2 protein chains.
Amino acid sequence: MDSPAPIPVSAPPLVSTVADRVFDQLRRAIVEGDIPAGSKLSEPVLAERFAVSRGPLREAMRRLESTHLLERRANVGARVVALTRERLMELYEVREALEGMAARLAAERMSVAGVAALQAMLEQHRGEIERECGQAYFQQEGDPDFHYRIVVGSGNQRLIRILCDDLYHLARMYRCQFGMKSERARDALKEHALVVDAIAERDGELAEWLMRRHVRASRKGVERRLADDGR
Amino acid sequence: MDSPAPIPVSAPPLVSTVADRVFDQLRRAIVEGDIPAGSKLSEPVLAERFAVSRGPLREAMRRLESTHLLERRANVGARVVALTRERLMELYEVREALEGMAARLAAERMSVAGVAALQAMLEQHRGEIERECGQAYFQQEGDPDFHYRIVVGSGNQRLIRILCDDLYHLARMYRCQFGMKSERARDALKEHALVVDAIAERDGELAEWLMRRHVRASRKGVERRLADDGR
DNA sequence: ATGCAATGGATTGTCAACAATCTGCTTCAA
DNA sequence: TTGAAGCAGATTGTTGACAATCCATTGCAT
């Protein structure tokens with residue numbers, strides 16, 4: 001049984017270079033809204049803020065750009081991506097396709113130990129949601145955990161990189177900045193359980209179908225919230 | 001009716017910087033096998049080869065890494081990705097999911113003009129395949145054209161970037177280096193026609209299903225070829 | 001002969017200065 | 001008053017030199 005500790009998404013670099021540190025710090029600052037979305041990033045001021053020269057900083061920014069958190073134009077500068085309703089919907093569409101496939105592959109290939117760990121995690125989440133009759137913890141921690149495990153369980157390295165290295169950070173950025181806490185916790189947990197069951201039964205087709213429906217349901221929940229807020 | 005000229009995948013940068021040029025040249029050299037897969041890239045020798053300093057070169061390499069054509073390790077160096085049968089299959093799995101979704105979205109959203117252009121392109125391909133009773137042209141030019149159009153027609157910016165900026169270049173690398181010329185040209189054309197019909201009928205569900213089957217069929221064709229070659 | 005430690009060479013990471021480019025403001029003419 | 005052309009300031013792109021790190025070879029001890 002695995003610990004509920006944060007899952008190492010992409011293997012952290014064996015040796016940490018200055019650019020790596022700056023990359024992590026900058027990403028967190030952007031994702032958590034410390035640096036507001038849409039704002040312009042000046043290389044000199046950032047270099048001073050992180051106490052590094054422009055070389056490693058530019059490398060970090062380049063990597064942020066490759067994860068689509070930054071947009072650069074030559075001789076003009078870099079801006080943090082703008083969070084729009086449209087982009088969020090696009091993100092959900094891609095996630096639906098990719099995570100559906102991940103669930104299918106996980107059902108076909110995940111080790112029995114992996115499936116057991118998945119079921120254990122689900123049980124733990126069930127306990128937590130019961131205990132604090134709460135929605136807060138689940139959507140903020142449990143849901144990403146669930147999705148990570150499925151994706152990693154697919155065994156498809158490319159799938160893992162696209163989702164864990166890029167899309168999930170962006171998804172977290174939306175959660176942080178739009179302040180979404182789902183009231184869908186109980187429904188989501190039920191949907192998770194169905195997906196896990198399908199994986200345990202090695203029914204790839206059903207697992208994919210259920211996962212896609214789960215992602216669509218999440219999207220609709222978000223859509224409703226945004227409509228209420230009048231974004 | 002559009003010209004059969006090469007489709008501009010991602011908008012070429014308005015101003016071309018040195019790093020941009022090196023990026024394009026390096027990518028082409030890697031994709032076309034001019035620089036063999038798995039080989040190590042030395043910064044000094046490449047800098048001399050392209051007659052630039054290490055700064056822009058490193059930026060270009062960083063971008064190649066973000067497209068997963070290069071792998072870097074700190075203080076060790078960069079290597080061109082190794083082309084393995086396993087990675088190729090992973091690529092097809094991701095493409096199946098993503099292009100299936102693209103076909104669905106294209107069916108729902110593509111403009112009538114876009115659909116007309118798609119049909120015209122198909123007709124042109126049909127003529128070409130008839131004329132040279134040939135498979136060469138089609139798989140090397142026509143098939144990518146077809147997939148590009150569908151993806152762009154989805155209107156999902158993120159989908160477009162993932163597929164056109166990253167995956168398609170890698171797919172082309174496999175084609176170039178494994179020297180695949182499909183004997184599947186006629187079958188593929190038929191499959192394309194079915195997808196286009198579904199899009200024209202605005203039947204997203206069917207379009208997705210057909211596109212996924214088409215990608216799977218391509219994968220199987222490649223698998224068979226690789227088995228024959230004993231890779 | 002085998003395993004381990006130290007050293008030399010090369011490669012990459014980092015830094016600060018220089019050059020090219022863009023943006024916004026000022027100025028001038030219609 | 002409006003529009004375009006030119007200039008100033010700042011920002012980014014590029015360069016070459018310096019420092020830190022790793023890999024392979026060599027030598028030695030077991």
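Convention: sequence-line order gives letters A, B, ...; per-chain numbering from 1. Source: prediction; values computed, not measured. Just the heavy atoms: all of them, side chains too, but no hydrogens, waters or symmetry mates, feed the values below.
At a cut-off of 3.5 Å, with distance as the only test, no side-chain donor of B:H125 or B:D143 sits close to an acceptor on the other residue. Looking at A:R158 and B:H68, their side chains never bring a donor and an acceptor atom within 3.5 Å of each other.
At C:dT14, one or more side-chain N or O atoms of A:T17 fall inside 4.0 Å of OP1 or OP2 (strictly under the cut-off). Within the structure, a side-chain polar atom (N or O) of A:K40 is placed less than 4.0 Å from OP1 or OP2 of D:dT12. Note on B:R73: a side-chain N or O is less than 4.0 Å away from OP1 or OP2 of D:dC23.
We find that CZ of A:R58 is positioned 14 Å from C1' of C:dC15, with the value rounded to whole Å. Protein atom CG of B:L57 is 14 Å distant from nucleotide atom C1' of D:dG16, rounded to whole Å. Counting to the nearest Å, the C1' atom of D:dT11 and the CE atom of A:M61 are 11 Å from each other. In this structure, A:F50 atom CZ and C:dC15 atom P are separated by 14 Å, rounded to whole Å. Atom CZ of B:R72 and atom C1' of D:dT21 are 14 Å apart (whole Å). Taking atom CG on B:D20 and atom P on D:dG13, their separation rounds to 9 Å, with Å as the unit. One can place CG of A:N75 at 11 Å from C1' of C:dA19, the figure rounded to the nearest angstrom. Remark: C1' of C:dC15 and CD of A:E43 are 14 Å apart, rounded to the nearest angstrom.
B:I150 has its side chain within reach of B:I199: a pair of non-hydrogen atoms, C-beta onward, lies under 4.5 Å apart.
Along DNA chain C, the nucleotide nearest to A:V52 and the one nearest to B:V76 differ in position, and the one closer to the 5' end is contacted by B:V76.
Scanning all heavy atoms of the two residues, the minimum distance from B:H147 to B:Y168 falls at CB-OH, 3.4 Å.
Between B:H192 and B:F146, the two ring planes are parallel [angle under 30°; tilted spans 30° to 60°].
If you check distances only, the side chain of A:R54 does reach the base of D:dG13 with a donor-acceptor pair under 3.5 Å.
Side-chain atoms of B:A19 lie closest to D:dT14 of the nucleotides C:dT14, D:dT14, D:dT12.
Counting any heavy atom pair closer than 4.0 Å across all strands shown, A:L41 reaches sugar-phosphate atoms only and no base atom. B:G77 comes within contact range of the sugar-phosphate backbone alone, with a heavy-atom separation under 4.0 Å but no base atom that close.
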